[in-house]
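Both backbone and side-chain heavy atoms feed into the values below; hydrogens, waters and symmetry mates do not. Remember, it's 1-based here, ligands and their atoms both numbered in the order they're listed. Note that the structure is a prediction, hence the values are computed from the model and not measured.
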Amino acid sequence: MEKAFSEADREAVYRAIHERRDMRHFVSDPIAPPVMQRLIDAALHAPSVGFMQPWRIVRITCAHRRAQLRDAVERERLLTADALGERRDSFMRLKVEGLRDCAEVLVMALMDGRENHVFGRRTLPEMDLASVACAIQNMWLAARAEGLGMGWVSLFDPQEVGALLSMPVGARPIAILCVGHVEHFYDAPMLETEHWAKRRSIEECVFENEWPSAKD
Ligand SMILES: Cc1cc2nc3c(=O)[nH]c(=O)nc-3n(C[C@H](O)[C@H](O)[C@H](O)COP(=O)(O)O)c2cc1C
């Protein structure tokens with residue numbers, strides 16, 4: 001078997017990477033169950049530190065529960081705005097979640113009992129979080145390939161959301177994911193279009209042998 005993918009397959013992988021967007025505008029048509037299954041399966045095939053698989057996924061199917069999550073996000077959105085000082089008003093103009101209209105809401109959490117896993121985490125305990133982020137990115141790319149949008153919402157108090165979803169002590173929600181059909185994908189990150197931030201160049205992010213001194 002050829003080690004490299006065919007050119008078309010390679011292009012498809014890079015296309016998913018470049019055309020994936022954090023989406024906040026959805027149309028509420030349901031996602032077919034086999035597609036949803038594939039997205040979950042993509043998440044569960046992510047790499048994880050020491051093969052720990054620290055991800056747990058709570059699928060929200062109850063409208064009342066979804067409304068409670070929206071309320072939690074709205075509360076945190078306002079607190080974030082207050083914490084932003086002079087950028088408050090431009091933040092308040094941004095759309096930062098699509099919880100009302102998306103077809104599916106998934107809460108991604110770190111499992112409890114993570115202290116028993118030391119491999120790769122003795123000096124870097126946060127590698128559990130990195131592993132769940134890999135699962136989310138897998139799902140994000142798979143969703144894009146399926147023609148579905150996904151949005152990562154991190155504006156919430158993890159204690160509050162953990163309690164709301166009856167999570168055990170030690171478990172911790174890290175993302176509310178909105179997944180669903182979209183009218184179209186944004187051409188560029190919405191935060192770039194809205195002049196909140198722009199993509200950094202290779203020179204700004206990639207160094208050789210050492211971190212450059214400030215004057216370079
Ligand atoms: C860890 C993480 C948390 C995020 N939380 C939020 C959020 O709470 N609300 C939001 O609108 N976007 C959130 N995003 C999406 C980013 O705003 C988005 O990835 C970034 O603006 C670049 O846009 P793109 O994903 O379309 O390339 C989050 C992304 C990551 C990776």
Shortest protein heavy-atom distance from [atom], along with the residue and atom involved:
{"atom": "atom 23 (O) of ligand 1", "result": "P189 CB, 3.2 Å"}
{"atom": "atom 10 (C) of ligand 1", "result": "V96 O, 3.4 Å"}
{"atom": "atom 18 (C) of ligand 1", "result": "D22 CB, 3.8 Å"}
{"atom": "atom 13 (C) of ligand 1", "result": "W152 O, 2.9 Å"}
{"atom": "atom 25 (O) of ligand 1", "result": "R20 NH1, 2.9 Å"}
{"atom": "atom 5 (N) of ligand 1", "result": "S154 OG, 2.8 Å"}
{"atom": "atom 17 (O) of ligand 1", "result": "R24 NH2, 3.2 Å"}

Charged N to carboxylate O under 4.0 angstrom, [X] versus [Y]?
{"X": "E7", "Y": "R10", "answer": "no"}
{"X": "R144", "Y": "E19", "answer": "yes"}
{"X": "R38", "Y": "E146", "answer": "yes"}
{"X": "D22", "Y": "R24", "answer": "yes"}
{"X": "E194", "Y": "K95", "answer": "no"}

| Do you know which two heavy atoms are closest between M111 and Q53, and how far apart they sit? |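 So the two residues come closest at SD-O, 4.1 Å.
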
| What is the minimum heavy-atom distance between P158 and R172, and which atoms define it? |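 Distance-wise, the nearest heavy atoms are CG-NH1, 3.8 Å.
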
| field | atom 20 (C) of ligand 1 touched by protein heavy atom at under 4.0 Å | value | no

Show the atoms of ligand 1 that are less than 4.0 angstrom away from any heavy atom in [X].
{"X": "L155", "value": "8 (O)"}
{"X": "R21", "value": "24 (P), 26 (O), 27 (O)"}
{"X": "L191", "value": "17 (O), 21 (O)"}

| said: Both conditions, 6.0 Å and 45 degrees, for the charged tip of R87 above the ring of W196: are they met here? | reply: yes

| message | Quick check on M23 - does any of its heavy atoms sit under 4.0 Å from an atom of ligand 1? | response |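 It does not; every heavy atom stays at 4.0 Å or beyond.
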
